[in-house]
Amino acid sequence: MDVVVVGSSMTDLVSFTQRQPRPGETIHGNKFLMGFGGKGANQCVMAAKLGAKTAMVAKLGKDFYGDNTLENFQNVGVNKDHVSQTDEASSGVASIIVSEDGQNSIVIVAGANLLLSEGDVAKATELIGNAKVVLCQLEVPQATSLAALKLAKSSGVFTIFNPAPAAENLDADFYTSCDILCANESEAEMLTGVTVSDVDSAQRAAEMLRSKGCETVIITLGERGSVLTSAQHDGVLVPVSSIKAVDTTGAGDSFIGALAYYRALMPTLPLLDAVTRANTVASISCQAAGTQSSFPTASQLPKDLMAAPVNH
């Protein structure tokens, strides 16, 4: 398997409005969409759409949303052998409001995602141990994500950790169990206490995260691109082309899923190039409405984004 994601799956209930409502205010929306989401599933589907062989380790409710999610995994080519259903909780849902300026606000009810356990990870030992890349986030219990990262790391599998949604007092082992930690501004701020507002502050936050044991840190800065910090890259800003955003929901997941694809299928592609390409994939996803539905397939991307690196 190229990319295995141990993480969340949600159903997105998306309302489109002229602007974000104020507290206590009821406003009229102009469109409603139901789509598939959850950080884990999003990242997995992005990698699958680019052509990676992918699998999810996840927990759904025995309900309409869970059944639909399984069908969606089938349709996009995600292996679901380790996606189980429970009658102890509903499937996860996310209520999303998208305003005309492309901004979004989100309320998530994690439901069955919180029942994904270390036991589920143990059942997927063979799958995780034979992957090229394992991806984890924090929409399932921390102990589950950490168990998956440690299992992958001990098997020599490349690990990417997305500390989202951000959590204070994160177990210190997370920092040493991932090859790449990828966070956005608010997540980096929560983990370091550094207010990330520009490239300089992103570099400071990244260095603090590296001092905790992370080999490589990427901090995404939305329309400004991302900052890459590692032993080889001293807080390099990787810019992204300016675009008119239609819907930014899922852009960070698009970036991470694309990064996992490049790491798994083009391991000789320099990391700076992989980040540059992932930036572009994410910016393209912002030009369509929806979350997974906005993620481009390989055939919809410029040829140079899918070209294998030339080894000199």
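- Looking only at distances, no side-chain donor or acceptor of Ser15 sits under 3.5 Å from a matching main-chain atom of Gly29.
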Handout entry: side-chain contact (heavy atoms from CB on, under 4.5 Å) between Val238 and Val227, worked out
Key = CA-CA 6 Å; Val238 187; Val227 170; over 6 Å; no
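- The two residues Gln20 and Gln103 have their closest heavy-atom pair at NE2-O, 3.3 Å.
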Exercise for the section: Go through the steps to decide whether Met56 and Lys80 satisfy the test side-chain contact (heavy atoms from CB on, under 4.5 Å), and finish with yes or no. Expected result: CA-CA 6 Å; Met56 276 296 291; Lys80 53 184 178 36; over 6 Å; no
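- Heavy-atom minimum distance, Val3 versus Ala260: CG2-O, 3.9 Å.
- When the side chains of ILVMFWY residues are joined at heavy-atom separations under 4.5 Å, either directly or via intervening members, Ile27 and Val14 end up in two distinct hydrophobic clusters.
- Here Phe174 and Phe161 bring their ring centres to under 6.0 angstrom of each other.
- With contacts defined as side-chain heavy-atom distances shorter than 4.5 Å, the pair Tyr261/Met46 does not qualify.
- Taking both residues in full, the closest heavy atoms of Pro165 and Ile108 are given as CG-CD1, 4.4 Å, listed atom of the first, atom of the second, then distance.
- Note on Val57: it clusters hydrophobically with Leu151, by side-chain heavy-atom contacts below 4.5 Å among ILVMFWY residues.
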Practice task
Start with the C-alpha distance between Asn72 and Val78, add both sets of side-chain angles, then the distance that settles side-chain contact (heavy atoms from CB on, under 4.5 Å), and finish with yes or no.
Solution key: CA-CA 8 Å; Asn72 179 57; Val78 170; over 6 Å; no
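- Side-chain contact between Tyr65 and Leu60 is absent, with no heavy atoms from C-beta onward closer than 4.5 Å.
- Without hydrogens or angle criteria, Ser91 side chain to Gly61 main chain gives a donor-acceptor distance under 3.5 Å.
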Exercise for the section: Before giving the answer on side-chain hydrogen bond (donor to acceptor under 3.5 Å, both in side chains), spell out for Ser197 and Thr195 the whole-Å C-alpha distance, their side-chain angles and the decisive distance to 0.1 Å. Expected result: CA-CA 6 Å; Ser197 55; Thr195 302; over 6 Å; no
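- A distance-only check finds no donor-acceptor pair linking the side chain of Asn104 to the backbone of Val98 [under 3.5 Å].
- The shortest side-chain heavy-atom distance between Phe73 and Val83 falls under the 4.5 Å cut-off.
- With respect to Lys123 and Glu118, no salt bridge is recorded, no charged nitrogen being found less than 4.0 Å from a carboxylate O.
- Members clustered with Val107: none, using a 4.5 Å side-chain heavy-atom cutoff among hydrophobic residues.
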Please list every donor-acceptor pair under 3.5 Å in which a side-chain atom of residues 127-148 meets a protein atom from a residue at least two apart or in another chain.
unit_1: Asn130; atom_1: ND2; unit_2: Glu126; atom_2: O; d: 2.9
unit_1: Lys132; atom_1: NZ; unit_2: Asp2; atom_2: OD1; d: 3.1
unit_1: Gln137; atom_1: NE2; unit_2: Gln43; atom_2: OE1; d: 2.9
unit_1: Glu139; atom_1: OE1; unit_2: Ser8; atom_2: OG; d: 2.5
unit_1: Glu139; atom_1: OE1; unit_2: Lys39; atom_2: N; d: 2.9
unit_1: Thr144; atom_1: OG1; unit_2: Leu116; atom_2: O; d: 2.7
unit_1: Ser145; atom_1: OG; unit_2: Gln137; atom_2: O; d: 2.6

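- With sequence neighbours excluded, the residues forming a salt bridge (charged side-chain N to carboxylate O under 4.0 Å, His left out) with Asp173 are Lys150, listed by chain and number.
- When only modelled atom types and interatomic distance are considered, Thr220 and Asn184 share no side-chain donor-acceptor pair under 3.5 Å.
- The side-chain hydrogen bond (donor to acceptor under 3.5 Å, both in side chains) contacts involving residues 45-54 comprise nothing, where partners must be two or more places apart or lie in separate chains.
- Under a 3.5 Å cut-off, the side chain of Ser201 and the backbone N or O of Asp198 do form a donor-acceptor pair.
- Between the side chain of Thr192 and the backbone N or O of Val194, at least one donor-acceptor pair lies under 3.5 Å.
- Contact of the Phe255 side chain with the Ile218 side chain is registered, since non-hydrogen atoms from C-beta on lie closer than 4.5 Å.
- The shortest distance between side-chain heavy atoms of Thr229 and His233 does not fall below 4.5 Å.
- For Glu168, the CD atom is loosely surrounded, since the number of other residues' heavy atoms within 6.0 Å does not exceed 12.
- Interatomic distance, Arg263 CZ to Leu271 CG, rounded to the nearest 0.5 Å: 8.0 Å.
- Judged purely by atom type and a 3.5 angstrom limit, Thr86 uses its side chain to pair as donor or acceptor with the backbone of Glu88.
- Residue Ala52 comes nearest to Leu265 through the heavy atom pair CB-CD1, 3.7 Å, listed as atom of the first residue, atom of the second, then distance.
- The CG atom of Leu191 sits 6.0 Å away from the CG atom of Leu170 when rounded to the nearest 0.5 Å.
- Other residues, nucleotides and ligands contribute more than 12 heavy atoms inside 6.0 Å of the CG atom of Asp304.
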Practice task
Just do the side-chain hydrogen bond (donor to acceptor under 3.5 Å, both in side chains) check on Asp179 and Thr159 with the steps written out, would you?
Solution key: CA-CA 5 Å; Asp179 291 297; Thr159 52; 3.3 Å; yes
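- Considering CD1 of Ile106 and CD1 of Ile97, their distance stands at 10.0 Å, rounded to 0.5 Å.
- Within the 3.5 Å criterion, the main-chain N or O of Ser9 finds a donor-acceptor partner in the side chain of Asn113.
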Handout entry: Trace of the side-chain contact (heavy atoms from CB on, under 4.5 Å) decision for Phe295 with Asn42
Key = CA-CA 9 Å; Phe295 294 170; Asn42 289 346; 4.0 Å; yes
Using distance only, find each side-chain donor-acceptor pair of residues 202-216 under 3.5 Å and give its atom names and separation, not counting sequence neighbours.
unit_1: Gln203; atom_1: NE2; unit_2: Gly235; atom_2: O; d: 2.5
unit_1: Arg210; atom_1: NE; unit_2: Glu215; atom_2: O; d: 3.0
unit_1: Ser211; atom_1: OG; unit_2: Met208; atom_2: O; d: 2.5

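- Atom CG of Asp273 has more than 12 neighbouring heavy atoms from other residues, nucleotides or ligands inside a 6.0 Å radius.
- Looking at Val76 and Phe36, their side chains never come closer than 4.5 Å, going by heavy atoms from C-beta outward.
- What you find for Gly40 and Val5 is that their closest heavy atoms are O-CG1, 3.4 Å.
- Listed by first and then second residue, the salt bridge (Lys or Arg N to Asp or Glu O under 4.0 Å) pairs involving residues 181-193 are Glu185-Arg224 (not counting sequence neighbours).
- Note that the OG atom of Ser99 and the CZ atom of Arg19 stand 10.0 Å from one another [nearest 0.5 Å].
- For Asn79 (side chain) and Asp81 (main-chain N/O), a donor-acceptor pair under 3.5 Å exists by modelled atom type.
- With hydrogens and angles ignored, the 3.5 Å screen pairs a side-chain donor or acceptor of Asp120 with a backbone N or O of Ser117.
- Phe158 and Leu228 fall within a single hydrophobic cluster, where Ile, Leu, Val, Met, Phe, Trp and Tyr are joined by side-chain heavy atoms under 4.5 Å apart, directly or via other members.
- In this structure, Val217 is a member of the same hydrophobic cluster as Val199, with clusters built from ILVMFWY side-chain heavy atoms closer than 4.5 Å.
- Residues Met34 and Ile96 do not share a hydrophobic cluster, clusters being chains of Ile/Leu/Val/Met/Phe/Trp/Tyr side chains in contact below 4.5 Å.
- Between Val281 and Pro296 the shortest side-chain heavy-atom distance falls below 4.5 Å.
- You'll find the side chain of Val45 stays beyond 4.5 Å of the side chain of Asp253, heavy atoms only.
- Leu181 CG to Thr176 OG1: the interatomic distance, rounded to the nearest 0.5 Å, is 11.5 Å.
- A distance of 8.0 Å separates CD1 in Ile160 from SG in Cys182, rounded to the nearest 0.5 Å.
- Looking at Asp87, its side chain never comes within 3.5 Å of a backbone N or O of Lys62 through a donor-acceptor pair.
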